[in-house]
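Please read the structure below before turning to the comments.
Chain letters run A, B, ... following the sequence lines, proteins first, then strands; residues in each count from 1. Just so it is clear, the structure is predicted and the values come from calculations on it, not from any experiment.
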Amino acid sequence: MVRQDLRALLLLIAGFTVWSLAFVVLYGLQAIGCAYGWPNHRWLLIGAYVASLIPLAWLAMGKPVREGEPTTTLSIAAVWANRAALGAGILVFLPVTFVSACI
Amino acid sequence: MSDTPISPIRLHKELERIWMTPPGIGRLSSVNHTVLGKRFMVVALTFFAIGGFLSMLIRAQLATPNSAFIGPEIYNQIFTMHGTVMMFLFAIPMFEGFVIYMLPKMLGARDMAFPRLTAYGFWCYLFGGTILIVAMLLGAAPDSGWFMYTPLSSKPYTPGINADVWLLGITFVEISAVTAAIEIFVSILKMRAPGMSLARMPLMAWYMLVTSGMMIVGFPPLILGSILLELERAFDLPFFDPTRGGDPLLWQHLFWLFGHPEVYIIFLPAAGALSTIIPVFAQRQILGYRAIIAAIVAMGFLSFGLWVHHMFTVGIPHLALAFFSSASALVAIPTAVQIFAWLGTLASGKPKWDVPMLYVFGFFFVFVIGGLTGVMLAMVPFNTQVHDTHFVVAHLHYVLVGGFVFPMLAGIYHWLPHISGRQSLYKLSIPAFWLIFIGFNLTFFLMHLTGLMGMPRRISTYPSNWGWDWLNLLSSFGSFILTMGFCLVLADLVLQFRFGRYFRRDPWQAQTLEWATPTPPPSYNFAAIPRIDERADGLEPAKIGPLLAGGYGYLGFTRNGDQETMGVDMLTGAPEHVIILPRRTYLPLWTALATASFFLAMLFGLYWLAPFGALLTLILFLIWPANIGQTEDEGLIDIGMGEAAPLDVECPNNVAVLANRCALVMNATLFSSLLFGGLFLLVVAPNWEGLVPIDWPVWLSGLAWILSASAAGASWLARQRNLSGQNAGGFLLAAALGHVAALVMLIVLLTAVPNPTDHARQAVMFALLSFSAIHCGLAALLAGHGFWRLTQGYVSARRQTELVLAWLWNGYAAATMIPALGLATLLAWAGGT
């Protein structure tokens, strides 16, 4: 029970923690790439965007509990939070695919 | 502890003797959360009155065009102080006070985790706030706006002490915020009634858990920014001076990295109050408990991804604008989840109307308008159009008054009977509400219009031919109606204390644990601590209260005259240990006075005196734990209900360890902000071309780190030896000496940095090396403290707290030295090919 609760608590913040890290990385790549005139800057940003969505999708689609474990308040809240984090990741980072990066 | 049961009256008297605050001058020694929570709220409401008076002056000035009521210099001080007082001296301390008073009662504890820290935080708040108000009375108040933008707040443009008053006064006040953040976080996780798992906590605790987490991460950027700006003003280190490689935008980033989450830090506790009050008046449990938890977590994180929407017009690339614009709009969704949950709770319940519900209605009306204008402002083109106009003033007041003041008033009417033991007679409450509601909307709704018509914020006067005259006059008229409403509320509260009618337990038929205490509550809250076997927002306080008062529950007795409460497992709420809280003492007051001496010395430019103030503060802090702890292993002790648990000092996961981990996270956030600042200047700031690389002794950096890492290793070995029952003293001394040696190396490195006032590169290197040097000193101090406690007999294989703390701080010093020295080296090489 303790292990399940601990896993649910960690899952509750996991999605948005990944989202925050992706936010920092993308914002940093955008700023540094512009400052130093990186070639293929756009593709690098898109690559980072896609890479950030993989763990977010994994967290959002994963089962909240393991086989034989009961569904709990925290595990359900964790699923919803992780799905929200995936949605936030798709929407907030989408502009890297089409918006001018350095102007 | 007695073997025979004692009467409830006698139990009450014995507990009161242990926990009470003495009368007279002895009140200054209080560390009790009920007393200090009330003090926080009274002082915060006093500052609210001062801030409100200042707003009256602003509206009197703007009531008519070409007004000569107050000149621009005084006006600048007044609007700066209005914002500063309302944000830093009212809103944050008000909810801190509420939470300090209420949280232990809601969770089934007898106090917060660190009562002396609560008292120290209160004194810092009082003294820091007093510095700001006295400066205003002397005509030297801050006058650069509540967000202190550089270069306006830099020395050349604000040569007096006005900006220093803000930077030092607010940093002094923020000590209370950071101490409260750690204390709230730890108290929620470790100090609940046994059986109250995380999933059984009332929503207020979830809101405060996330809020305190946000404060732990959100406040350090502001504190760092204030330190850097004060270093620039006092010692000419050019962090924000573009002519010497600094950048004013760095201040904006650091300020708003704090400033935007701050809005949610203020809103979330208010939302927690709403989530507690609405179910009481809807007469059903909250709808969407799990969805609200997910929404709070989402808001907590998303709020850190919005800060640049305060900077849309400073010239940021479109892509960055798009990130922050979409995140700003997105945060409306978790907010809406909560609003729909509250509406759903009301719709599916049997709502009963009473005065708190009037303010809940006011909240819905005002806050939703503020939220919608927030979504408008999240759109970059619209934001650019109304930037720095009164539209923004209207929006922020709709959000902050709607999202904090209306829920606060609902909370006051709901919980004041808990404090006073009396219920309001409601003669004045209803007209007071309508005056506030009408006055507020008249004042601020019209500002949307003046803003859209182009009226800039912060102007002290305006010509009469721009069509703003009537709108401003009506706005000012509305503000006086609003003030009358607040005066009626004040009168109503005073009358409630004087003439309100007494009631028996739980007058609202609420379902949370705070109503199970007697009202007004005794200093120890609960004569016995309950066991919670269901969600803690569906209890029956009227039934539980008498049982607890009779001593039925955990710790329903006294033992050795100690202040005992329960510590639980963070997740399951299973009883884990007995926490013995420190007794009342004047030490927090003396320590806050010593801290004040440091800040005042800095404020008046007595820089030679400031280190003595800091040293005195440190010495007093070291005295705090002098007689706390155990010199023998006690093993399991009786906790009532036929169960036993160890004392906190014998539990490896005690509150002191968790609090220090939180402090390190907070510290790491400050350090990350410093690294961000250094990289930001290196990458973005002007005037970095043509720099000559510095002849940097890399070998000395390496040697400093090897010494620090060795010290950290020694502290780890000390802990391991202690765990296996061997003497750890030698390794602790080695750790202390290792970090002293590393400190010396860093001081030598500091002398290798060319004049830090020449360029921001050297200034950042100076800051990085100073950070590491200070942390080497702290690590040595913690190792030395562990050694001293060991020699005093407070440490054993079971009582290992001091050694865990020594390892944490020594390891942290070594870990942070790597990026600090790495960035310093990178900066030293800047300009090379």
Side-chain angles (χ1 to χ4, degrees), chain A residues 1-24 26-36 41-42 45 71-85 87-103, chain B residues 189 197-201 206 209-210 213 217 253 288-308 315-331 333-334 337 380 535 569-574 672 676 679-680 682-685 688:
Chain A
M1 190 64 184
V2 175
R3 289 181 67 85
Q4 188 192 347
D5 284 342
L6 180 61
R7 198 167 60 250
L9 184 64
L10 293 176
L11 281 173
L12 183 64
I13 58 170
F16 274 104
T17 303
V18 173
W19 179 87
S20 304
L21 291 172
F23 195 103
V24 171
L26 282 165
Y27 191 36
L29 284 176
Q30 178 268 329
I32 297 171
C34 291
Y36 294 108
H41 189 200
R42 170 80 63 195
L45 287 167
T71 309
T72 63
T73 297
L74 281 188
S75 63
I76 291 176
V79 169
W80 290 344
N82 288 335
R83 288 179 184 169
I90 292 170
L91 185 73
V92 174
F93 307 146
L94 181 67
V96 300
T97 59
F98 64 93
V99 178
S100 59
C102 301
I103 300 171
Chain B
L189 287 178
S197 64
L198 280 182
R200 287 177 181 159
M201 289 198 306
W206 273 105
L209 185 63
V210 173
V217 181
H253 278 295
Y289 179 86
R290 293 172 298 195
I292 291 178
I293 292 173
I296 304 168
V297 171
M299 280 183 89
F301 279 92
L302 286 172
S303 67
F304 282 92
L306 322 181
W307 82 91
V308 169
I316 285 173
H318 289 170
L319 180 53
L321 295 180
F323 283 161
F324 291 99
S325 176
S326 47
S328 304
L330 199 64
V331 79
I333 294 176
V337 167
V380 178
R535 226 171 71 190
D569 177 81
M570 285 196 290
L571 295 162
T572 62
S672 305
F676 161 76
L679 286 168
F680 178 84
L682 175 66
V683 173
V684 175
W688 280 64

Chain A contacts, top residue of B:Ile292, B:Ile316, B:Leu330 (heavy-atom pairs, under 4.5 Å):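 Going by pairs under 4.5 Å, I would pick B:Leu330.
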At a heavy-atom distance under 4.5 Å, which candidate from B:Phe301, B:Tyr289, B:Phe680, B:Phe304 has the highest pair count against chain A? B:Phe301
For [X] and [Y], work out which heavy atoms get closest and say how close.
{"X": "B:Gly305", "Y": "A:Trp19", "answer": "CA-CH2, 4.3 Å"}
{"X": "B:Val683", "Y": "A:Ala35", "answer": "CG1-CB, 3.2 Å"}
{"X": "B:Ala294", "Y": "A:Ala77", "answer": "CB-O, 3.6 Å"}

[X] portion near chain A, given a 4.5 angstrom heavy-atom threshold:
{"X": "B:Phe676", "value": "neither"}
{"X": "B:Leu302", "value": "both"}
{"X": "B:Val308", "value": "side chain"}
{"X": "B:Phe323", "value": "both"}

Rounded to the nearest 0.5 Å, how far apart are [atom1] of [X] and [atom2] of [Y]?
{"X": "A:Arg42", "Y": "B:Leu319", "atom1": "CZ", "atom2": "CG", "result": "7.0 Å"}
{"X": "A:Leu74", "Y": "B:Ser197", "atom1": "CG", "atom2": "OG", "result": "7.5 Å"}
{"X": "B:Met570", "Y": "A:Leu6", "atom1": "CE", "atom2": "CG", "result": "8.0 Å"}
{"X": "A:Leu91", "Y": "B:Ile333", "atom1": "CG", "atom2": "CD1", "result": "7.5 Å"}
{"X": "A:Leu12", "Y": "B:Arg290", "atom1": "CG", "atom2": "CZ", "result": "13.0 Å"}

Pick one of side chain, backbone, both or neither for [X], based on which atoms fall under 4.5 Å of a heavy atom in chain B.
{"X": "A:Leu9", "value": "side chain"}
{"X": "A:Tyr36", "value": "side chain"}
{"X": "A:Ala85", "value": "neither"}
{"X": "A:Phe23", "value": "side chain"}
{"X": "A:Ser100", "value": "both"}
{"X": "A:Leu45", "value": "side chain"}

Is the gap between the ring centers of A:Tyr27 and B:Phe324 under 6.0 Å? yes
Which residues satisfy the side-chain hydrogen bond (donor to acceptor under 3.5 Å, both in side chains) test with B:Trp307, sequence neighbours excluded?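 Expected list: B:His253.
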Would you list the pairs meeting side-chain hydrogen bond (donor to acceptor under 3.5 Å, both in side chains) in which at least one residue belongs to residues 291-303 of chain B, sequence neighbours left out?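 Every pair satisfying side-chain hydrogen bond (donor to acceptor under 3.5 Å, both in side chains) with a residue in residues 291-303 of chain B: there are none.
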